[in-house]
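We name chains A, B, ... by the order of the sequence lines, and we start the count at 1 in each one.
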2 protein chains.
Amino acid sequence: MARLPIYHRVLSQITERGIVTVSSEELAAASGVSSAKLRKDLSFLGSYGTRGVGYDAAYLLYQIQRELGLTQDWPVVIVGVGNLGHALANYGGFANRGFRVVGLIDADPELIGETVTVGRDGEILKIQSLNDLEKIVNEVDALIGVIATPAAAAQDVCDRLVDCGVTSILNFAPVVLTTTLDVHVRKVDLATELQILAFHEQRRGDAHEVIV
Amino acid sequence: MARLPIYHRVLSQITERGIVTVSSEELAAASGVSSAKLRKDLSFLGSYGTRGVGYDAAYLLYQIQRELGLTQDWPVVIVGVGNLGHALANYGGFANRGFRVVGLIDADPELIGETVTVGRDGEILKIQSLNDLEKIVNEVDALIGVIATPAAAAQDVCDRLVDCGVTSILNFAPVVLTTTLDVHVRKVDLATELQILAFHEQRRGDAHEVIV
DNA sequence: CTCACTTTGTGCATACGTTCACAACTACCT
DNA sequence: AGGTAGTTGTGAACGTATGCACAAAGTGAG
């Protein structure tokens, strides 16, 4: 389920506040879903709650972590270190969620060799050349790749990543990537998100005009 | 529908290549969906195709633009001009898709006054103070706001934007925002996307172990 | 021990999105 | 004109996700 990460985050915050027991109502409210939906989602993992009481926050958190595969560390390679690539590399939310950025790759000779601090603990990483992509990926044994390149380069980078054994790709470039079926591709498109908002904005405006 | 922006992008590319007629098969393949799904999506807008021939690419593109509200220009305010905010401001895909970044707001005094080039045509914008948020939003009459702040500040910024009349919000901060029902909130969470990939990666690994 | 109260887990009904299959329509060739 | 190939639009079947409602199970007071 795609909502597990949300529950995971909410539970993290809750346990940090020292709360030990949480009901489905509370957890659902904090996650922005209905309590019935939440209970069904959690029952998918097993019966980790106790009736009349609620869920043990820490225990439930651990179970979700296990289900999400967050008990291990996933090495991640980022290709394309422009503004977005920088933002991703610096994003603090990765380190404590089972991800470690282990490779920064760009095609721009100007950028190669530049150092970037990744994560919040100040680890330093050098930007490496696109030519060495295969070598880098094999060295760090990355299964997850992030594409933050311009649209024109995305498909080529994708093919090369897949050739090196990468099986999960997060794509920020505004193109539809084609790969074999066994590769998981997720797309995040900034313009698309705004367009969806504009769509609703416009429908709102239309409805208004009818009323007025 | 959430797939309209994809069709829009694909159609843009197709018309730029001078292609005048396109069948549902072709368009579906380029968009990564099935042809039946695409036809149903398009029939939602009306009957803009001709049987036996296909769709007139330019005409269909215009109809989608109209439906998405892209025939007008939406002013957008970005709050939080860190790495991600910069990436968004520079993102070239907005300008030619009906969006204009008209406000950059940050809380950091160091950043205020700094100039940023937004879009690809080199328009220059000054970063303004969070204190002036209300004034700025009212001045440019923005209905769409982007939150790229740290998690701790997001809810406060959201409330203030809504108070100024913003009715659509794109949230990059890793928190669940609570607002009134009439405000459209979309969330893009980078860590969540990676977690979903890791989830599939792990299941893949589990299955493998069983076989081995 | 019993009773009143709380909360989970789940069977069932409903709504939604997707796929299938085909009638309706167009273009073109003979 | 008639027939064949190609393509859209859509009704019907299917599967999945959501919401409802309640039995099962736990807690605590008297």
Practice item. Using modelled atom types only, decide if a donor and an acceptor are shared between the side chain of A:Thr50 and the backbone of A:Val53 within a distance under 3.5 Å. Key: no
Point to revise | NZ/NE/NH1/NH2 to OD/OE distance under 4.0 Å, A:Lys187 and B:Glu193 | key: no
Point to revise | Distance in angstrom units between A:Gln63 CD and C:dT8 P, rounded | key: 17 Å
Practice item. In plain terms, say whether A:Arg39 and A:Glu25 are close enough for a salt bridge, that is, a side-chain N and a carboxylate O under 4.0 Å apart. Key: no
Check your understanding: What one-letter contact string describes nucleotides 18-30 of chain C from 5' to 3', where B marks a base within less than 4.0 Å of any protein heavy atom, S marks contact via sugar-phosphate atoms alone, and - marks no contact?
Key -> SB-B-BBBSS---
Revision key, fill the gap. Atom CG of B:Leu42 and atom P of D:dT10 are separated, to the nearest Å, by 12 Å
Practice item. Give me the one residue out of A:Leu133, A:Leu143, A:Val77 that meets side chain to side chain contact (heavy atoms under 4.5 Å, CB included) with A:Cys164. Key: A:Leu133
Review point. Are side-chain N/O atoms of B:Asp159 and B:Gln155 paired as donor and acceptor at under 3.5 Å?
Key: yes
Practice item. Indicate yes or no for a side-chain donor-acceptor contact from B:Gln195 to the backbone of A:Arg97 under 3.5 Å, with no hydrogens or angles considered. Key: no
Practice item. Scan side-chain atoms only and decide if B:Ser168 and A:Glu201 contain a donor-acceptor pair under the 3.5 Å cut-off. Key: yes
Point to revise | Positions of residues 12-32 of chain A (non-hydrogen atom under 4.0 Å from DNA chain C), listed by number | key: A:Ser23, A:Ser24
Exercise for review: Would you classify A:Tyr48 as touching base, sugar-phosphate or nothing, given that sugar-phosphate means primed atoms plus P, OP1 and OP2, and contacts are heavy atoms under 4.0 Å?
Suggested key: sugar-phosphate
Review point. What integer distance in Å separates A:Leu38:CG from C:dT8:C1'?
Key: 11 Å
**Study point:** Any donor-acceptor pair under 3.5 Å from B:Ser31 side chain to B:Ala28 backbone
**Key:** no
